[in-house]
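Every chain is numbered from 1, with letters handed out A, B, ... down the list of sequences.
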Amino acid sequence: MSTELSPELSPQYDPAATEPATYARWMEHGVFTAHADRSARIGGDREPFTIVIPPPNVTAVLHMGHGLNNTVQDVLIRWRRMAGDEALWVPGTDHAGIATQNVVERLIAQEGKTRFDLGREAFVERTASFVEATGGAILKQLEAIGASCDWTRTAYTLSPELSRAVRTAFVRLFEDGLIYRGHRVIHWCPRCLTSLSDEEAEFEETAGALYHIAYPVAGEPGRAVVVATTRPETMLGDVAVAVHPDDERYRDLVGKHVVLPIVGLEIPVIADTYTDPAFGTGVVKITPAHDANDFEVGARHALPMPVVIDAHGIMAEGPDGAGRVPRALAGLDRFAARERIVAMLRESGALVKVEPHQHAVRHCYRCDTVVEPRLSDQWFVKMAPLAKPALEAVRERRVRIVPERWEAVYVNWMENIRDWNISRQLWWGHRVPVWYCDACGEAFASVDDIGQCPRCHGPVRQDEDVLDTWFSSWLWPLSTLGWPDERSRDLAAFYPTDVLVTAPEILFFWVARMIMAGLYFAKREPFHTVYLHGTVRDMQHRKMSKSLGNGIDPLDVVALYGADALRWTVIAGLGLGTDVMLDPENLEQSFAPGRNFITKLWNIGRYLLSNIGGEPVTALEAVDPATLTRADEWILARLDAAIRECDLALGPPRPDGGAWGEEELRRGMRLNDYAETARRFVWNELADWYVETTKSRMTGDGADRDVARAVLVHVFDAALRLLHPIVPFVTETLWQRIPLPGRAGDEFLAQARWPAPRAARAEGAARAAAFERVIEAVAAIRRARSEYGIPPGQRVAAEIRPGTDDTAAVYREEAAVIERLTRTDVRVVALAPAGPVAHELLGADGSEVYVLLAGAVDVEKECARQRRELVELEKQLGGLEQRLANEKFVSRAKPEVVEGERRKLREWTARREQLRQKVRALCGD
RNA sequence: GGUCGCGUAGCUCAGCUGGUUAGAGCGCUGGUCUCACAUACCAGAGGUCCGGGGUUCGAGUCCCUGCGCGACCACCA
C-alpha cells in the first residue's frame, strides 16, 4: 500500500487482501472526516456537501438494498470530496421502535417470557443492552463496501443528544398547538399491541368475502334490510344501519329500527351521505368503535360506540359494549368469531348470501398481522400547516425529486395529508414527554423531566406511550448536526444538507416528513435533491427478501469478487428510475462484468508499471505540445470528452441560487451513464487503442518514449480519478503505485482533485481527428483478415490509397502503428493495385484499404459482397436524395440538420462512385 | 376506483427537446493462449422499436386507441 513496494503488481488483483487495508489507511488519516470550519458557510473556503444516511435499523443486517443505497451515496460523496467540497456523510442508526422491540420480544419468548413478565423498566434495559451488544453491526458492514462515512459523527436516534431533539420538537409543536390528543378509531396491531400510523398500516390485496346479512325491521314482521360486510364479527358493535338520504328504497325506514341479529338489540336506521346507494344493497351497518368511517358517522349522529373486540383481537365486551358479546363468542379470536358468527347467521336464516370479494386489507408493516381498527386515545400531529410549506418547497423547486415522476406522488400525498398518529403503545422508544397531574388534571409537555406539578406541586406521572420511530427520524438532518443547539457549528456549516438518497417506499414515512420538519424547525428545507433509486430484484423481478430466500448477501459478493465489483455492478445497472436486476442463483453472471472491469484496470496498471521504468515521469504540462503524437492527442481528446460527459451525467451538484432552474432541474444523478462513460473510455479507448500504440514507443528510447510515458501516466491518473468514486479500492491501490510527477508521499486518491478537461487547442484537435483514420484503417484490415480467415501468424500486405493529401501523410507516419495492430505490412499507394484484392472501403475522407492476399482472393465472394454493399448504399442514398429534394424538409428542418444531410449526400455519392468502380472491376460488368 | 409509469436484440436496459445506416453489457457464432489482461483479444450474427390509427416533409421519439405488465394512492362497507 505504499509507493516503496516493488514496482511490479501481482499478476492478479486480490481484493480480499487489499480492501480492508486500504480502508484502514483512509481511516487512519482521517480522510472521511469533515471539518466544519472549512465550510464556506462559516468562513471557510469550501462549499459544504452533505449527505445524511438513511439510518438503518440498529439491529439490521446488511442486504443488497443497503448495498445499493449506500453505494450511491458513497459515489456522490466521494465525487464531491474530490471536486473540492467539504464533504460530509453522516452515518447512524435508527432505534426502530416496533422492529427492535419485536426482536427482543422474540428473544425473551425463547425463555418463555413476555415483556409483561419483565416489566417496562427491565424490558427497556434488556433491549438497550441487546442493542449495545449486537446493534450497529451494519455500520461495520458498510465499511466493507467502502462507505466513506464520517464515523466521528455517527448518530443514533435514541442517543441523549437526539432524544433531546425529539423532545424539543415535541414540545415546540405542542406549544404551537400542532400536537393534540385525539379520541378516534386508529389502526391497531393486535400482535404488537400498538397503534400504527396510516403509513404503517399497509394495504394488501386479499380475496375475502362479502357477507349479506338480513336485519329484520322492528315491528314489521317479514320485512328486513340486507347489509353487506366483509367483517361480520364487527356486527356485535353495530349501533345503527345507514342509508343514503336520497335513496327512495329506504326513505320510509329512516327513523325506524332494525333488530341486530345474534345480539337482539334494536338499532336505528339513519340517513347519511356516507352511504353509497350503488354499493351492495345500499344499506351499511355502522360500527363506530371498529371502523374509522363508521366512527365519523357515529360522531355525526351522536351514537354510542360500544367496543366488542379487545386489544388482542379477541371478542370481549369493552367500554359501552355490555351485553353485546354472547357467551358463545366471548374469548374467541376475531377470525374464529367471524366463522362462528357466519355459521350462526346461516342457521338462523339471516345470512342472505356470501359473495367472493377482492379488497385491500391493511396489515402491520412490521409483523404483517391484519390491522384492527380500534377506538382509542392517541397523540396526533396536525399535518396541514406543516405540509403547506413543504409542498411549496417542491413547487418552487427549492427541493427537486429525482426521478421527476415521484414529484406528483409527493404532491398528491401532501395535498391530501391526514393527521399523524405519533403515539405507540410500546416500551422501546422516546417516551412521550408529557406529564399529567392527577390533582389538577393538567398535562404538561416538557423537554426536561418534570418531578412535580408546576401548578399545584402535586405528584405527576409521565405518559405511558412512546413516540413513533419516525418522529425521531424526521428530525435526522437536523438532529445529527446538532439541532436544537443553535450554536452548533455543524448545524451552521452543513445544514441544509444536499442530497437525500433513498428508496421510494419511504417517501412518505420519512422524506416528506423531513422536509416538513426542516422547514418548521429550521426554516430551511433539509436538502435540495431527493434521489429515489430503484429496488434490487431477482431475475423474475421479485423484490429480494428474506422470506422468498432470493436475497444476495453483499458480504458474500465482497468475499468472492470484492467490494468494487459489487459497487460497479449496482451503479452500472442503476438507470434513473429503474430497478436493479441481479441473479441470486448466478453470482458469477451478475458480478463478472464488474470484476472483469476491475481486472482490466489492474492490467493496465501492470502494463504501465512494467514499462514505465524508473526515470522520473514528465508532467504533461511540461511536455512540448509539438512532440505529442496523433495517438497522444487522440487519447487526450477522448479523456477530455469523457470527463465532460461524466460531469454532465453527475452534476450539477447543487442548484445555482436557492432553487433549481428549468435547465438544470433534470440534469445529473445519472450514475449509470457516468459509469458507462468512464468504462468506455478506459476499456475501449485507453486499453484497446492507446495502450497498444504505446507498446512500440516504450521499447524505444529518447524523447518520444518520455512523451508516451508522460501521456500514459497522465491519462491513467485521470482515469483512476474519474473512476474512484465507483471503485475506490482498486483505483486507490493503483494510484498509490503509479509514478506521478511531483507527488508528495502521503496523498490519497480519495482526496485527490477530480479531473478537469484541458484547454482546447485547434492543432491538437486536428491531429486527434487524424488518428481516427488510423483506427478506421486498422478496423478495415482486421475485418478483411477475419473474413478471409487469414491466420494471425500469416503475414499479408495491405495497401492504402489515401483520400486526400493530408491523410497520405497520416498513413505514412502511422504505418508502423497500423502494422503492429494488424500484423499486416502496410504501404501507402497512389493507385489501386492491379490484381484481385480483398478490399475494404473507408468512410470519412474517401481513403481506401486494399488487403493483398497473394492470390487467395475469392473474386466471386468479394464481388458479391461489394454488390451487397452497393445496393445498401444506393438504397440509403435514395432516401437521402428524396429528403433533400423535399422543399418542406429543406425549409423547415433545422439548418444544421439540412447541412449535415448535404454533407452526407456528398460523401455517399463519392463512395457510390468508388463502389461502382470496384464492382465493375471485380465482377467484370 | 384515482394517479402515474413501462412494453426497443435471447436477457437487462440506453436512446435528451421528433432529423446520420437504432446502441451498450451479458449471452450466442467463428477465430486467437499476440511479450498488461483467456476475468482477455479480434471479427461476426441477431431488432416489422407490443398491435392499430393519427399529426408531420420526417415518428422508436408526439397524440388517440387496443393488448400486456408494474407502481403509488384510495373511507365502496
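- Here A:N603 does not reach the OP1 or OP2 of B:rA40: none of its side-chain N or O atoms lies under 4.0 Å away.
- Residue-level contact check: A:R680 touches neither bases nor backbone, having no heavy atom under 4.0 Å from any strand.
- Between A:H212 and B:rA77 there is no side-chain N or O to OP1 or OP2 distance below 4.0 Å.
- For B:rC4, the OP1/OP2 oxygens have no side-chain nitrogen or oxygen of A:R405 closer than 4.0 Å.
- Smallest separation of non-hydrogen atoms from A:M235 and A:I341: SD-CG2, 3.9 Å.
- A:R667 places no side-chain N or O within 3.5 Å of a backbone atom of A:P652 that could act as its donor or acceptor partner.
- Contacts of A:V898 with the nucleic acid, taken as non-hydrogen atoms under 4.0 Å apart, are absent.
- Between A:K904 and B:rG19 there is no side-chain polar atom (N or O) within less than 4.0 angstrom of OP1 or OP2.
- Across all strands shown, B:rG70 forms a Watson-Crick or G-U wobble pair, both distances under 3.5 Å, with B:rC4.
- Nucleotide B:rA40 is matched to B:rU32 when pairs are restricted to Watson-Crick or G-U wobble geometry with both distances under 3.5 angstrom.
- Side-chain proximity of A:T275 to B:rA77, B:rA36, B:rC75: nearest is B:rA77.
- Between A:R823 and B:rC42 there is no side-chain polar atom (N or O) within less than 4.0 angstrom of OP1 or OP2.
- Rounded to whole angstrom, the span from the CG atom of A:L582 across to the P atom of B:rC13 amounts to 11 Å.
- Side chain A:Q12 to base B:rA36: no donor-acceptor pair is found below 3.5 Å.
- In the set B:rA77, B:rA36, B:rC75, B:rA77 carries the atom at the smallest distance from any side-chain atom of A:T229.
- Across every strand in view, B:rA24 sits in a pair with B:rU12 that passes the Watson-Crick or G-U test at under 3.5 angstrom.
- Close to B:rC42, at under 4.0 Å from its OP1 or OP2, lies no side-chain N or O of A:W689.
- The side chain of A:M581 lies closest to B:rU12, out of B:rA36, B:rU12, B:rC75.
- Taking CE from A:M669 and CG from A:L574, the interatomic distance works out to 9.5 Å, rounded to the nearest 0.5 Å.
- With distances taken from any side-chain atom of A:S786 to the nucleotides B:rU56, B:rG30, B:rA74, the minimum falls on B:rG30.
- For B:rC49 and B:rG60, the C1' atoms lie 5 Å apart once the distance is rounded to whole Å.
- Spacing of P atoms, B:rA45 relative to B:rU3, comes out at 47 Å, to the nearest Å.
- Distances from the side chain of A:R892 to the nucleotides B:rU32, B:rU56, B:rA77 place B:rU56 closest.
- At a threshold of 4.0 angstrom between heavy atoms, the contacts of A:H290 with the nucleic acid are absent.
- In this structure, of B:rA40, B:rA77, B:rG19, it is B:rA40 that holds the atom nearest to the side chain of A:W683.
- Within the nucleic acid shown, A:R362 comes within 4.0 Å of sugar-phosphate atoms alone, with no base atom in reach, counting heavy atoms only.
- A:N412 comes within contact range of the sugar-phosphate backbone alone, with a heavy-atom separation under 4.0 Å but no base atom that close.
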task: Go through the steps for A:I738 and A:F716 under the test side chain to side chain contact (heavy atoms under 4.5 Å, CB included), then give the verdict.
output: CA-CA 9 Å; A:I738 58 173; A:F716 192 52; 3.9 Å; yes
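- The side chain of A:R783 contributes an N or O atom lying less than 4.0 Å from OP1 or OP2 of B:rG44.
- Listed nucleotides B:rC76, B:rG19, B:rA36 differ in distance to A:A893; the shortest reach to its side chain belongs to B:rG19.
- The aromatic rings of A:F509 and A:Y365 sit parallel, their planes meeting at an angle under 30°, below the 60° perpendicular limit.
- Contact annotation for A:G282: base contact, defined as any heavy-atom pair under 4.0 Å involving a base atom.
- Within the nucleic acid shown, A:W413 has no heavy atom closer than 4.0 Å to any nucleic acid atom.
- One P atom belongs to B:rA9, the other to B:rC67, and the distance between them is 23 Å to the nearest Å.
- Nucleotide B:rA77 forms no Watson-Crick or G-U wobble pair with any nucleotide shown, as no partner meets the under 3.5 Å limit on both distances.
- Counting any heavy atom pair closer than 4.0 Å across all strands shown, A:A779 reaches no nucleic acid atom.
- Nucleotide B:rA45 has no partner under the Watson-Crick or G-U criteria, as no pair reaches both atom distances under 3.5 Å.
- Among the heavy atoms of the strands, none lies under 4.0 Å from A:R902.
- Going from the C1' atom of B:rA14 to that of B:rG47 covers 15 Å, rounded to whole Å.
- Annotation: B:rC64 and B:rC28 have their C1' atoms spaced 40 Å apart (nearest Å).
- Put simply, CG on A:L905 is 15 Å from P on B:rU20, counting in whole angstrom units.
- Each of A:N672 and A:E901 was assigned the nucleotide of RNA chain B with the nearest heavy atom; the assignment lying further toward the 5' end belongs to A:N672.
- Each of B:rC13, B:rU21, B:rA74 was ranked by its minimum atom distance to the side chain of A:T578; first place goes to B:rC13.
- For the P atom pair drawn from B:rG15 and B:rG23, the interatomic distance equals 15 Å after rounding to whole Å.
- A parallel orientation is assigned to the rings of A:F508 and A:W413, their planes being inclined by less than 30° (bins at 30° and 60°).
- When the C1' atom of B:rC4 is taken as reference, atom CG of A:L532 falls 14 Å away, rounded to whole Å.
- When each of A:N886 and A:T599 is assigned the nucleotide of RNA chain B with its nearest heavy atom, A:T599 is the one assigned upstream, toward the 5' end.
- Taking atom OH on A:Y13 and atom C1' on B:rU39, their separation rounds to 14 Å, with Å as the unit.
- With both ends at atom P, the span from B:rC41 to B:rG27 equals 12 Å, rounded to whole Å.
- Of the possible polar contacts, one joining the A:R709 side chain to the A:I612 backbone as a donor-acceptor pair under 3.5 Å is found.
- For A:N684 and B:rG25, the CG to C1' distance is 11 Å, given to the nearest whole Å.
- At a threshold of 4.0 angstrom between heavy atoms, the contacts of A:V409 are confined to the sugar-phosphate backbone, with no base atom among them.
- Across all strands, A:F508 comes closer than 4.0 Å only to sugar-phosphate atoms, never to a base (heavy-atom distances).
- Here A:E692 lies in heavy-atom contact (under 4.0 Å) with a base.
- Listed candidates were B:rC41, B:rA77, B:rU39. Nearest to the side chain of A:A228 is B:rA77.
- Taking 4.0 angstrom as the limit, A:K695 places a side-chain polar atom (N or O) nearer than this to OP1 or OP2 of B:rA36.
- Of the candidate nucleotides B:rG19, B:rA77, B:rC37, B:rG19 has the atom lying nearest to any side-chain atom of A:F889.
- Atom pair A:D272:CG and B:rC75:C1' shows a separation of 12 Å (rounding to whole Å applied).
- Between the side chain of A:R374 and the backbone N or O of A:V185, no donor-acceptor pair lies under 3.5 Å.
- The gap from the P atom of B:rC16 to that of B:rU61 amounts to 11 Å, rounded to the nearest Å.
- Between the side chain of A:S786 and the main chain of A:R782, no donor-acceptor pair closer than 3.5 Å is present.
- Here the CD-CZ distance, from A:E840 to A:R783, works out to 5.0 Å after rounding to the nearest 0.5 Å.
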